[in-house]
Amino acid sequence: MQPLSPRVVELLNSALTFELTATNTYFLHARMLQNWGFSRLGKVFYDLSIDEMKDADALIQRLLMFDGHPNVQKLNPITVGESADEILRLALDSEKAAVAQFNASAQECHDLGDHGTASVFEAMVREEEEHADWFESQLDAIERVGLQQYLARQLEPGDAPG
Ligand SMILES: [Fe+2]
Ligand SMILES: [Fe+2]
């Protein structure tokens with residue numbers, strides 16, 4: 001296959017950095033939430049960390065298919081939340097940032113005539129929009145029912161440890 005333009009390789013690698021950062025952040029936050037007793041919310045973050053890892057995997061595969069070099073050394077700075085609601089707000093910000101970055105990358109790929117890679121970014125935009133929407137709903141629910149009530153629903157009493 002014809003190699004990707006160097007700029008497209010750069011865009012894919014910066015998306016990869018984003019996805020690896022999200023994977024690690026969600027994984028850490030999942031375990032923190034579970035440690036605080038919020039097993040239900042923690043499970044969502046755990047599942048999301050796996051989703052983001054699959055995004056990273058798809059980017060690595062696309063780079064390799066075109067003989068590009070996936071850079072797995074790099075992470076963006078990770079902001080660790082200090083409470084469940086801060087963790088939700090950080091996640092919403094990160095999903096919105098992902099949507100903005102991947103939209104811009106899709107546009108740039110179209111401009112460069114690489115519609116295949118553009119469509120990869122477009123599919124990722126749709127997925128991150130769904131994630132952002134879910135976090136937004138949680139923050140809305142907190143507004144409506146109050147933080148304590150919301151968090152009480154995230155406990156799963158009787159959960160076996162481990
Ligand atoms: Fe993702
Ligand atoms: Fe996401």
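Read the numbers this way: they start at 1 and go in the same order the structure lists the ligands and their atoms.
For the pair OE2 of Glu52 and OE1 of Glu128, the angle whose vertex sits at the Fe ion (ligand 2) is 130° to 10 degrees. The Fe ion (ligand 1) forms the vertex of an angle spanning OD2 of Asp55 and OE2 of Glu19; to the nearest 10 degrees it equals 100°. Atoms ND1 of His131 and OE1 of Glu95, as seen from the Fe ion (ligand 2), are separated by an angle of 100°, to the nearest 10°.
Counted within 6.0 Å of CZ on Arg31, heavy atoms from surrounding residues, nucleotides or ligands total more than 12; the atom is thus considered enclosed.
Salt-bridge check for Arg144 with Asp140: failed, with every basic side-chain N at 4.0 Å or more from each acidic carboxylate O. Ion pairing between Asp47 and Lys43 holds under the 4.0 Å rule for side-chain N and carboxylate O. Salt-bridge check for Arg126 with Glu129: failed, with every basic side-chain N at 4.0 Å or more from each acidic carboxylate O.
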